[in-house]
Structures are given as C-alpha cells and as structure tokens.
Amino acid sequence: MEIQIKDLNKNYFSEGKTITALSNVNLTIPPNKIFTLLGPSGCGKTTLLRCIVGLEMPDSGEIRIGEEIVWSKDREIFIPPERRGLSMVFQTYAIWPHMDVFDNVAFPLQVRNEPKEEIRKKVEKTLRFVQLEGFENRPATKLSGGQQQRVALARALAPEPKVILFDEPLSNLDAKLREETRKELRSFLSKLKITAVYVTHDRIEALSLSDTIAVMKDGRIMEIGTPKEIYFDSEQQFVVDFVGRTNLIEGTIVSIENDGPRIKTPIGEMACQKQMAPPIGSPVMVSVRPEFITVKIEKEEKGRNTFRGKVESLVFIGEAYEGEMRVGETRLITKIAPTFNLKEGDEVALQIDPKGCTLIRQ
Ligand code: ADP
Ligand code: MG
C-alpha cells in the first residue's frame with residue numbers, strides 16, 4: 001500500500017509557545033518496502049507517524065493510504081485509527097504483562113470480534129512466523145527482551161495490516177540484542193510484502209534496515225534516498241554529518257578536469273571524482289569519510305590526492321583503530337586496520353580516494 005503525504009503541517013502549543021513539529025512535509029512512501037524516517041530526537045518523527053496512524057491531528061495537509069484519503073483538512077476527512085488498516089509497534093513494546101503470549105497476540109483480533117477458531121489459526125500462524133511457536137502459554141513477563149519484541153511484532157502482524165509502523169522499536173534492547181533483532185526484523189519484513197514505516201534516530205539501524213531513508217530535521221524532510229545514496233552522495237552538510245563520521249575540509253574549486261573538479265584546500269589540491277561541480281571559484285566543503293583515506297608509512301608523498309601527515313592520536317575500538325592524522329593545521333579522522341603497526345608521532349602518507357570525496361556547496 002502506498003502512502004502519500006501532502007503539505008502536512010503540525011504545531012503544538014505548550015506553555016504559551018508554538019512548537020513546529022512538522023513543516024510542509026511531502027512524502028510518497030512506496031508500497032511493500034521498508035521506509036525509514038531518520039533524524040535527531042525532537043525532529044518530528046513520532047508526530048509524523050502518529051499523524052499517519054490517526055492518533056494525532058495535523059493542522060493542514062492531506063494523507064492518503066492506498067486509494068483512500070484518511071485525512072484531509074480541506075475536504076474535512078478524518079478516518080479513525082481503527083479503520084485505517086494499520087498496526088504500530090512502539091519503543092516500549094506495550095505488550096500486556098498480565099496476559100500470556102497467545103492472549104497478547106490474539107487481543108487485536110478479539111477486539112474485532114473475529115470467530116474463536118479463526119483467531120486461534122491466525123495467532124498460531126503469526127507465532128510460527130516470528131519463531132515463537134510453543135510459547136503460547138508463556139506469561140509475557142517470562143520472556144527475554146528480544147522475545148517480547150517478537151510478541152509485539154506478532155501482535156501487530158496478526159490482524160494482517162496493510163501497513164506496519166515502528167517507532168524506535170529496538171531502543172530498549174542492549175547493543176548485541178539490538179543487532180540480532182535488527183537482522184531478524186529485516187528478514188521478517190522482507191518476507192512479508194507489507195509497507196513498513198520505521199522511525200529511528202540510529203543511523204546504523206536506518207542504513208542496514210531500510211530500502212529508502214528520509215532524513216528529517218526540525219520538522220522537515222531534508223533528503224530522501226536509498227541508504228547508499230544518503231551515505232555516499234548527499235550534498236547537504238547536516239545529512240552527511242548525521243549518517244556517519246566524516247572529515248569536512250574547506251576549499252575553493254580551482255579547475256574542472258575531465259574526471260571532475262580540483263579543489264584548493266589547506267591540505268593541498270584535492271581531486272574529486274564524483275559529481276557535477278559548482279563553477280570555478282565557488283567555495284565548497286569537501287566531505288571525505290574515514291574509510292576513503294588509506295594510511296601508508298611513507299615519508300614522500302606520491303601520486304594524486306596523497307598528503308603527508310603525522311599521527312596525532314590512535315584509539316583502539318576493536319575492529320579498527322580510529323586514527324587522527326594531522327596535515328598542516330588540518331586534522332583528519334581515519335580508520336586503520338588493528339594489525340597495522342603505527343604509533344603516535346609517526347609520519348605517514350594519506351591517500352584520499354577521489355571517488356570518496358563529496359562536495360557540499362557553501
Ligand atoms: P521525535 O519523535 O523525532 O523525537 P516528536 O515528534 O516527538 O520528535 O516531537 C517533535 C517536536 O514536537 C518536539 O519539539 C517535541 O518536544 C514537540 N512535541 C511532541 N509532542 C508534543 C506535545 N504533545 N505537546 C507539545 N509539544 C510536543
Ligand atoms: Mg519519537
């Protein structure tokens with residue numbers, strides 16, 4: 001089911017102040033894919049989700065789910081949440097502790113007065129799907145965090161919704177379990193052929209789980225794209241910074257060659273092999289993610305985009321060293337294999353992949 005959002009606005013009024021939660025949001029959420037709203041806390045993700053579900057009333061705009069307009073200010077349409085064919089999974093799971101697994105999952109079906117036998121079949125099918133077969137009579141409190149999360153998912157899926165919405169569903173799990181559950185969720189959702197709208201402030205969750213990501217800031221949609229497009233090709237400083245670590249180097253376009261622009265920067269002239277460049281003379285910010293910088297133990301600088309530097313600091317983070325390198329007055333963050341024998345103060349050559357340089361217009 002496709003979801004279309006047109007010119008959505010929402011303000012809250014609190015203690016005499018107006019808080020803009022959504023500002024002119026326009027979105028088309030494609031059917032049967034995982035669509036993620038990614039942005040910092042307070043940017044309006046939950047508000048947008050609640051407007052889609054019908055738990056929050058926008059001030060203006062229109063929301064269409066499939067062929068049906070479920071909210072329109074101008075046409076005075078409001079379809080209540082229970083008639084929108086959606087299910088939502090919350091951060092707190094909101095599963096009922098006094099009920100066993102079966103009753104938790106059966107609840108939304110019982111509310112709809114479905115026949116008992118029908119309910120039993122649907123619950124069993126859903127529990128099999130989330131791999132909780134045999135847990136029917138287990139009290140909800142006697143489940144691990146990951147299992148509770150799967151009960152919440154099963155309860156959302158049992159009524160066979162057209163759309164499933166998730167509001168930071170993994171944020172209560174510890175790091176290792178969060179990673180496992182994330183993979184599980186991805187595999188469940190890709191088997192389902194259902195439209196999933198997923199809200200998170202966690203870039204790794206968004207990058208690994210989504211087919212499409214919309215990055216939000218201050219109630220606005222900043223950019224929409226596949227995880228790779230968002231990570232590698234964004235030309236907006238906020239987006240580039242929010243979806244991963246990066247080095248930002250100020251510069252000016254000095255020439256445009258066949259393979260891309262050359263940029264004068266404090267570390268020297270850099271070649272960028274990526275995209276259409278702004279005209280010569282334009283001030284830009286070159287963004288280079290740490291993984292595009294190769295560190296070599298060489299005193300002489302050799303080849304294009306190679307700069308001499310010095311190891312300023314090294315931090316061991318398990319799978320790699322995070323190395324801060326100094327080139328003149330500029331500090332660059334790099335990622336170095338943990339087996340690479342390097343120490344602070346060493347002189348190095350830093351080779352920057354021209355394909356890994358993105359230009360941000362100033
Ligand atoms: P997110 O989910 O991205 O963290 P929210 O949608 O919860 O963001 O909030 C967006 C903005 O609206 C924030 O500034 C928040 O403080 C404000 N807000 C959310 N709900 C209410 C409310 N019921 N009353 C007043 N302000 C609210
Ligand atoms: Mg929220």
Side-chain angles (χ1 to χ4, degrees), residues 3-27 29 34-63 65 70-71 73 78 80-81 84 86-95 145 148-149 152-153 156 163-175 178 181-182 185 189 195-210 212-225 227 230 234 236-244:
I3 302 175
Q4 197 162 45
I5 292 160
K6 267 196 224 157
D7 301 327
L8 214 65
N9 288 285
K10 171 76 185 169
N11 290 317
Y12 291 108
F13 301 97
S14 160
E15 294 164 8
K17 274 194 237 147
T18 304
I19 300 156
T20 302
L22 296 177
S23 178
N24 245 321
V25 171
N26 282 283
L27 265 187
I29 299 177
I34 306 174
F35 186 95
T36 296
L37 297 168
L38 170 69
S41 174
C43 73
K45 306 180 294 294
T46 296
T47 304
L48 182 51
L49 214 62
R50 287 172 61 86
C51 288
I52 297 172
V53 177
L55 295 170
E56 204 75 66
M57 213 66 100
D59 298 332
S60 62
E62 196 168 282
I63 302 172
I65 299 174
V70 296
W71 156 263
K73 176 78 177 174
F78 173 73
R84 293 191 184 189
L86 316 172
S87 278
M88 189 152 164
V89 178
F90 299 90
Q91 178 177 351
T92 53
Y93 321 146
I95 63 173
Q148 289 185 33
Q149 186 54 56
L153 179 63
V163 178
I164 184 164
L165 304 102
F166 297 87
D167 194 355
E168 314 238 8
L170 306 183
S171 50
N172 280 345
L173 305 176
D174 62 49
R178 195 156 63 218
T181 314
R182 193 175 76 213
L185 198 58
L189 291 175
T195 304
V197 186
Y198 192 94
V199 158
T200 183
H201 67 274
D202 182 314
R203 63 192 179 86
I204 297 188
E205 240 170 68
L207 292 170
S208 61
L209 204 61
S210 321
T212 309
I213 298 174
V215 180
M216 284 184 77
K217 182 194 178 197
D218 298 338
R220 293 174 189 277
I221 305 290
M222 301 291 287
E223 190 154 341
I224 300 175
I230 293 284
S234 175
Q236 300 188 70
Q237 189 164 339
F238 172 79
V239 177
V240 169
D241 235 1
F242 194 75
V243 297

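Everything numeric here is computed off the predicted structure, so don't read it as measured data. Only heavy atoms go into these numbers, but all of them, side chains included; no hydrogens, no water, no symmetry mates. Note that ligands are numbered from 1 as they come in the structure, with each ligand's atoms numbered from 1 the same way.
Annotation for Pro40 and Phe242: closest pair N-CZ, 3.4 Å, computed over non-hydrogen atoms.
Protein residues having at least one heavy atom under 4.0 Å from any atom of ligand 1 are Tyr12, Ile19, Ala21, Pro40, Ser41, Gly42, Cys43, Gly44, Lys45, Thr46, Thr47, listed by chain and number.
Judged by distance alone, the side chain of Ser234 and the main-chain N or O of Gln236 form a donor-acceptor pair under 3.5 Å. Under the 3.5 Å distance criterion, the side-chain polar atoms of Ser210 are left unmatched by any main-chain donor or acceptor of Leu207.
Here the rule is side-chain contact (heavy atoms from CB on, under 4.5 Å) with Met88, and of Ile52, Asp167, Val197, Val163 only Asp167 fits it.
Less than 2.8 Å away from the Mg ion (ligand 2), the protein contributes these N/O/S atoms: Thr46 OG1.
No donor-acceptor contact under 3.5 angstrom links the side chains of Gln149 and Thr181, judged on distance only.
Phe35 pairs by the ring-ring contact (aromatic ring centres under 6.0 Å, His included) definition with nothing, not counting sequence neighbours. For Arg203, there are no salt bridge (Lys or Arg N to Asp or Glu O under 4.0 Å) partners, not counting sequence neighbours.
Glu56 contributes atom CD, which lies 6.0 Å from atom SG of Cys51 (distance to the nearest 0.5 angstrom). Rounded to the nearest 0.5 angstrom, Tyr198 OH and Leu209 CG are separated by 5.5 Å.
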